[in-house]
Amino acid sequence: METEIALLALAALSQSTRLEAFRALVRHEPDGLAAGDLARLLEVPQNTLSAHLSILTRARLVTSERRSRSILYRANLEEFRDVVVFLLRDCCGGKPEICAPVVEILQSCCAPRRKERSRA
């Protein structure tokens, strides 16, 4: 990843409404959210959200798809992963134990949930 692309993504996420919009879209993967639903969820006017989503789209962090009369927005997790990897690739300087806590946190929050057995 080029530095300029990473900077564009980080700048897009550096505003609170855009950050919350992106996080909401991540929580709603893989289905995404319609623009109106996202605006209601974030309690922001649709025209304001539209401007924010445009910035996130230019930064390649969000994709959109027209579905009938609405536009469905989704988080571009591959692009976000590339930004995170860009930031962390050189973090440990050959000492993986430095980044191990970050990896452990991500693994614990992303681990598949176990199905509980039903007791008969």
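For the single chain, residues carry numbers from 1 onward in sequence order.
Here side-chain hydrogen bond (donor to acceptor under 3.5 Å, both in side chains) pairs that include residues 2-19, with residues two or more places apart or in two chains, are Arg18-His52. Applying the salt bridge (charged side-chain N to carboxylate O under 4.0 Å, His left out) rule to pairs touching residues 38-48 yields Asp37-Arg40, sequence neighbours excluded.
The closest side-chain heavy-atom distance from Glu79 to Ile5 is below 4.5 Å. By the 4.5 Å heavy-atom criterion applied to side chains, Leu87 and Leu10 are counted as neighbours.
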Output, in order, the C-alpha distance, side-chain angles, deciding distance and verdict of side-chain contact (heavy atoms from CB on, under 4.5 Å) for His28 and Leu41. CA-CA 12 Å; His28 286 86; Leu41 181 69; 4.1 Å; yes
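Linking Ile, Leu, Val, Met, Phe, Trp and Tyr residues whenever their side-chain heavy atoms come within less than 4.5 Å places Leu88 and Val26 in a single cluster.
Applying side chain to side chain contact (heavy atoms under 4.5 Å, CB included) to Arg81 and the options Val83, Val84, Val85, Leu77 leaves one that passes, Val85.
A donor-acceptor pair under 3.5 Å links the side-chain atoms of Thr57 to the main chain of Leu53, judged by distance alone.
Shortest non-hydrogen contact noted between Leu33 and Ala24 is CD1-O, 4.4 Å. Counting all heavy atoms, side chain and backbone alike, Ala21 lies closest to Leu56 at CB-CD1, 4.3 Å.
Residues meeting the salt bridge (charged side-chain N to carboxylate O under 4.0 Å, His left out) test with Arg74, sequence neighbours left out: Glu29. Listed by chain and number, the residues in a ring pair (Phe, Tyr, Trp, His ring centres under 6.0 Å) with Phe22 are Phe80 (sequence neighbours excluded). By the salt bridge (charged side-chain N to carboxylate O under 4.0 Å, His left out) test, Arg23 pairs with Glu20, sequence neighbours left out.
In this structure, CG in Leu8 is found 9.5 Å from CD1 in Ile55, a value given to the nearest 0.5 Å.
Annotation: Glu97, atom CD; neighbour count of heavy atoms from other residues, nucleotides and ligands within 6.0 Å is above 12.
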Contacts table for residues 61-72: side-chain donor-acceptor under 3.5 angstrom, sequence neighbours left out:
{"from": "Glu65", "atom 1": "OE2", "to": "Arg67", "atom 2": "NE", "distance (Å)": "3.0"}
{"from": "Glu65", "atom 1": "OE2", "to": "Arg67", "atom 2": "NH2", "distance (Å)": "3.4"}
{"from": "Ser70", "atom 1": "OG", "to": "Arg67", "atom 2": "O", "distance (Å)": "3.3"}

